[in-house]
Participant: 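Quick one: structure below, then a few questions.
The chains referred to below are lettered A, B, ... by the order of the sequence lines, with proteins before strands, and numbering in each begins at 1. Computed from a predicted model, the values in this text were never measured in an experiment.
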Amino acid sequence: MKKGDLPKFPMPPVTVSRPRRQGQGDYSCALPLQIVRDVNNVLKAQQAGKLAPMQIGEILIKRLPDADFLDRAEVAKPGFINLYLSPAWLARQAHAISQDAAGYHRMDLGRGKKVQVEFVSANPTGPLHFGGARNAAIGDVLARLLENSGYQVQREYYINDRGAQMDTFAMTLWRRYQQLFGMDVEIPADGYPGAYMIEYAKKIKAEHGDSLLALPEDEIRPRFRELGLKLVLAELADDLAMMNVVFDNWFSEQSLYNDGTFARVYARLREQDDLYEKDGAVWFRASKYIGGDRDEVFVRSNGEPGYFASDMAYHYHKFIVRGFDWVINVWAVDHQNQAKRLPGALKAFGIEPERLTIVLYDLVTLKRGGKEVKISKRSGEIITMREVLEEVGADAARYFLLSHSNEARIDFDIDLAVAQSSENPVYYIQYAHARSASILRKAAGASLAPSAEHLDLLTCPEELALLRKMLQLPEVVVNAVEHLAPHHLPHYALDLAKTYTNFYGHCRVIVPEQKDLTEARLMLVQAAKATLAYALGLMGMSAPEVM
RNA sequence: GCCCCCGUAGCUCAGUGGCAGAGCAUCGGACUUCUAAUCCGUUGGUCGCAGGUUCGAGUCCUGCCGGGGGUGCCA
């Protein structure tokens, strides 16, 4: 800026935003409004009069540097500076995007940082219900977003293979097994009544026959726990694969006790005087690290470490043993208290709380024909993830689960979802992709190929709108990563598909008499197809060539 | 009691301090299509209520109201 245009004043950070409405530029900057007061205060002190925001804007845009992407800048009503992208520059982006869409849209936010996303981690005592599918969708898409933003990502499933619920699970399975041989026994009162337990028992029978009936009393529980766990984990992996979710690592809680991690953690906390005895239990001085006056039970009076102890040891393992720079846990809101306390508690190991981010999402209320289905273990009635995926498909289920913000509760009516699955917006998006593929196929058949020779012919409003929309994807990704909020993706993808379809409706691509224009538009179609595929890929959805 | 989340169009929900949006539903148009799973248009909102901060608040702050969750030697 030329000295003397404006007096010296405190300069705020300059930000631009995307105006919501057309006619306000591609980007808009409110700087004149933000600085007008400070500028005038200085001018007043100098007895040099006053400037209106509009005048300041005029002064500022005269000093904008030349840039090939910038067409023009203008000052608008109260005092905004509206910036317009150059159409020629926009058109050239079609080539850059179709060359390497992933590279074009990728932002290196992570710089190789090692991050773990731990998600689902449902108790391994039965099939995943549809609420767990939300966790799977959020966690998996967060992982995809981070992978595509320069992070080194590991997906982990934490197996709670320790504790009372596993014992109950084992004993229920044992009774179901016995029942298969006509024995008149009942499952434990607090057991798992679901029919799936009978299926597990049948599988055990198929493999082992009646040989397990003769197990010594003290071997029944560990043996059935082991057999059941194996079956459940295999089933979980299958179910998750149906939803296009694959874990890099399945981490056993029990292993923390087998490999000495818990013992080391215990010794360290003891040494730091962070543990004390009270009421027959061992307590952790949480208040020392988190504040407040509440401590946490570490080892229960029955000698069993509590969940807080396991979580401490588990995160010690993540950060100290495995060396992750950043860990993200995807938890349902019913763990909100633990989510608030655990990061602070890690200070006991010298781990900065900021390195653990817990993404909380609200529950999915399941309904069938308008009536709520209680997922109580007692009733044994659940809507499984598999059931839903078989009915509506993984892509539609993902779209539905992802399109709500994490904090919003979802009402899911399976009957409604099945009835409406064909009008799921995900098909609209995929259709736009398949249509692009079709055009490119047809063009190839007529010996027409995308070319960057005459991209300057892309001047229609619909063409430029499509280019602008594609340019927005990196911003959407950055926003989604910054807020760990995957729901921005489905909304953007629908928007992109809409913009594409609008272009398709207005601009005929293949016009043999106009070879130059056709080749330019084919380039645009190719870029749009790649961008749609990239967006769908970030959401873990398929991008079909034909529909 | 204290803490957290939600409250935006008929329905389901977006909205990073800058003139209230999308999908579905409604209503009216367009079909011998480069894939009609389409397009164009229409209807529809005192953004739960009341204050405050700000040039500007759906967005930030405070207090209410309504719904949900948390506050275990369960995880």
Participant: Please report the distance separating the P of B:G58 from the corresponding atom of B:G18, rounded so that it comes out in whole Å.
Facilitator: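 Straight-line distance between the two P atoms is 10 Å.
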Participant: Roughly how far apart are A:N479 CG and A:L145 CG, rounded to 0.5 Å?
Facilitator: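 These two atoms lie 10.5 Å from each other.
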Participant: Rounded to whole angstroms, how far apart are CH2 on A:W331 and P on B:C4?
Facilitator: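 Those two atoms, CH2 and P, are 18 Å apart.
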Participant: Rounded to the Å, how far apart are A:L496 CG and B:A22 C1'?
Facilitator: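 One finds 14 Å between C1' of B:A22 and CG of A:L496, rounded.
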Participant: Using a heavy-atom cut-off of under 4.0 Å over every strand shown, decide if A:S310 touches base, sugar-phosphate, or nothing.
Facilitator: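 Touches nothing.
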Participant: Pick the nucleotide of RNA chain B nearest each of A:I510 and A:I410; which residue has the one closer to the 5' end?
Facilitator: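 By nearest-heavy-atom nucleotide position, the 5'-most residue is A:I410.
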Participant: For A:A408, report the nucleic acid contact type (base, sugar-phosphate, nothing); a contact means any heavy atom under 4.0 Å.
Facilitator: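 A:A408: backbone/sugar contact only, no base atoms under 4.0 Å.
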Participant: Mind checking if A:C29 touches a base, just sugar-phosphate, or nothing, with heavy atoms under 4.0 Å?
Facilitator: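 Answer is nothing: A:C29 stays at 4.0 Å or more from every strand.
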Participant: When the C1' atoms of B:G66 and B:A22 are compared, how many Å lie between them, rounded to an integer?
Facilitator: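 Here B:A22 and B:G66 have their C1' atoms 27 Å from each other.
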Participant: Does the pair A:E277/A:R270 count as a salt bridge with the N-to-O cut at 4.0 Å?
Facilitator: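 A salt bridge links A:E277 with A:R270.
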Participant: Assign a letter to each nucleotide of nucleotides 66-75 of chain B from its 5' end: B, base within under 4.0 Å of a protein heavy atom; S, sugar-phosphate only; -, no contact.
Facilitator: -SSBSS-BSB
Participant: Does the B:U35 base have a donor-acceptor partner in the side chain of A:Y431 within less than 3.5 Å?
Facilitator: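 Check passes, donor-acceptor contact within cut-off.
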Participant: Pick from A:Q514, A:H454, A:E463: which one makes a side chain to side chain donor-acceptor pair (under 3.5 Å) with A:R521?
Facilitator: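 One option only clears the test, and that one is A:E463.
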Participant: What interatomic distance, in whole Å, is found between P of B:A20 and the corresponding atom of B:U59?
Facilitator: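 It comes out at 13 Å once rounded to the nearest Å.
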Participant: Of the nucleotides B:U35, B:A14, B:C39, which has the atom closest to the A:Y428 side chain?
Facilitator: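 Of all the options, the side chain of A:Y428 is nearest to B:C39.
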Participant: Looking for any heavy atom pair under 4.0 Å, which part of the strands does A:E462 touch: base, sugar-phosphate only, or nothing?
Facilitator: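 Nothing, no heavy atom under 4.0 Å.
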Participant: Considering only distance and modelled atom types, tabulate donor-acceptor pairs under 3.5 Å from the side chains of residues 494-501 of chain A, sequence neighbours left out.
Facilitator:
unit_1	atom_1	unit_2	atom_2	d
A:D495	OD2	A:K469	NZ	2.7
A:T499	OG1	A:D495	O	2.8
A:Y500	OH	A:S436	OG	3.1
A:T501	OG1	A:Y428	OH	3.4
A:T501	OG1	A:A497	O	2.8

Participant: N/O contacts under 3.5 Å, protein versus nucleotides 23-30 of chain B?
Facilitator:
unit_1	atom_1	unit_2	atom_2	d
B:G23	OP1	A:K498	NZ	2.9

Participant: Take atom C1' in B:G67 and the same atom in B:C49, then report the distance between them in whole Å.
Facilitator: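 So the two C1' atoms sit 15 Å from each other.
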Participant: Tell me the interatomic distance from A:I358, atom CD1, to B:C4, atom C1', rounded to whole angstroms.
Facilitator: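 Atom CD1 in A:I358 sits about 14 Å away from atom C1' in B:C4.
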Participant: Quick check, are the ring centers of A:F262 and A:Y316 under 6.0 angstrom apart?
Facilitator: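 No.
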Participant: In whole Å, what is the span from the NE2 atom of A:H404 to the C1' atom of B:G7?
Facilitator: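 It works out to 15 Å between those atoms.
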Participant: What's the closest nucleotide to the side chain of A:Y427 if the choices are B:A37, B:U38, B:C5?
Facilitator: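 Comparing B:A37, B:U38, B:C5 against the side chain of A:Y427, the answer is B:A37.
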Participant: Any base atoms under 4.0 Å from A:F298, or only sugar-phosphate, or nothing? Heavy atoms, all strands.
Facilitator: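 Answer is nothing: A:F298 stays at 4.0 Å or more from every strand.
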Participant: Using the P atom as the point on both nucleotides, what is the distance between B:C61 and B:U43, in whole Å?
Facilitator: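 Those two atoms are separated by 36 Å.
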Participant: Hey, what do you get for CD (A:E296) to OG (A:S287), rounding to the nearest 0.5 Å?
Facilitator: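 Spacing of CD (A:E296) from OG (A:S287) equals 9.5 Å.
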Participant: How many angstroms lie between CH2 in A:W283 and CZ in A:R294, if you round to the nearest 0.5 Å?
Facilitator: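 Atom-to-atom, A:W283:CH2 and A:R294:CZ are 8.5 Å apart.
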Participant: Show the nearest heavy-atom pair for residues A:D26 and A:L85, with the distance to one decimal.
Facilitator: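 Nearest heavy atoms, A:D26 then A:L85: OD2-N, 2.6 Å.
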Participant: Please report the shortest heavy-atom distance between A:A528 and A:L466, naming the atom on each side.
Facilitator: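 Distance-wise, the nearest heavy atoms are CB-CD2, 4.1 Å.
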Participant: Between A:F400 (CZ) and B:A14 (P), how many Å, whole number?
Facilitator: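 Distance check: A:F400 CZ to B:A14 P gives 11 Å.
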Participant: Separation of A:H491 atom NE2 from B:G15 atom P, in whole Å?
Facilitator: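 So the two atoms are 7 Å apart, to the nearest Å.
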Participant: A:S438 has a side chain; which of B:U35, B:C34, B:U12 sits nearest to it?
Facilitator: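 Closest of the options to the side chain of A:S438: B:U35.
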Participant: Both A:D495 and A:F80 contact RNA chain B. Which one's nearest nucleotide lies toward the 5' end?
Facilitator: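 Result of the comparison: A:F80.
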Participant: Round to the nearest Å and state the distance from A:L466 atom CG to B:C39 atom P.
Facilitator: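 Roughly 14 Å, once rounded to whole Å.
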Participant: In whole angstrom, give me the gap between the P atoms of B:A9 and B:U46.
Facilitator: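 Looking at atom P only, B:A9 and B:U46 are 9 Å apart.
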Participant: For A:S405, answer base if it contacts any base atom (sugar-phosphate contacts may also be present), sugar-phosphate if it contacts only those atoms, and nothing otherwise; contact means non-hydrogen atoms under 4.0 Å.
Facilitator: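 Sugar-phosphate, backbone atoms only, no base.
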Participant: Roughly how far apart are A:S438 OG and A:Y431 OH, rounded to 0.5 Å?
Facilitator: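 The distance works out to 8.5 Å.
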Participant: Name all residues meeting the side chain to side chain contact (heavy atoms under 4.5 Å, CB included) criterion together with A:V333; count only those two or more places apart in sequence or in a different chain, and write none if there are none.
Facilitator: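 Applying side chain to side chain contact (heavy atoms under 4.5 Å, CB included) to A:V333 gives A:Q336, A:L360, A:D362, A:L363.
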Participant: What interatomic distance, in whole Å, is found between C1' of B:C47 and the corresponding atom of B:G15?
Facilitator: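 About 11 Å, rounded to a whole number of Å.
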Participant: Roughly how many Å is it from NZ in A:K469 to C1' in B:A22, rounded to a whole number?
Facilitator: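 It is 11 Å, rounded to the nearest whole Å.
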Participant: Taking atom C1' in both B:A30 and B:G48, what distance in whole Å separates the two?
Facilitator: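 Taking atom C1' in both B:A30 and B:G48, they lie 42 Å apart.
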Participant: What donor-acceptor contacts under 3.5 angstrom involve side-chain atoms of residues 298-314 of chain A, with partners at least two apart or in another chain?
Facilitator:
unit_1	atom_1	unit_2	atom_2	d
A:N302	OD1	A:E304	N	2.8
A:E304	OE1	A:R162	NH2	3.1
A:S310	OG	A:E253	OE2	2.6
A:S310	OG	A:Y257	OH	2.6
A:D311	OD2	A:Q338	NE2	2.8
A:Y314	OH	A:E156	OE2	2.6

Participant: Counting any heavy atom closer than 4.0 Å, what does A:V511 reach on the DNA or RNA strands: base, sugar-phosphate only, or nothing?
Facilitator: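 The residue A:V511 makes no contact with any strand.
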Participant: Between A:H487 and B:G15, is there a side-chain N or O to OP1/OP2 distance below 4.0 Å?
Facilitator: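 For A:H487, the contact criterion (side-chain N or O under 4.0 Å from OP1 or OP2 of B:G15) is met.
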Participant: Taking the six-membered ring of A:Y504 as reference, does the cationic atom of A:R435 (NZ for Lys, CZ for Arg) lie under 6.0 Å from its centre and within 45° of its axis?
Facilitator: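 Positive - A:R435 is close enough to the ring of A:Y504 and near enough to its axis.
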Participant: Do you know which two heavy atoms are closest between A:A133 and A:M385, and how far apart they sit?
Facilitator: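 It is CB-SD, 3.4 Å.
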Participant: As a test of your reading of the structure, name each stem of RNA chain B as range with range, where a stem is three or more consecutive Watson-Crick or G-U pairs at under 3.5 Å.
Facilitator: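 RNA chain B forms these stems: B:1-7 with B:65-71, B:10-13 with B:21-24, B:27-30 with B:38-41, B:48-52 with B:60-64.
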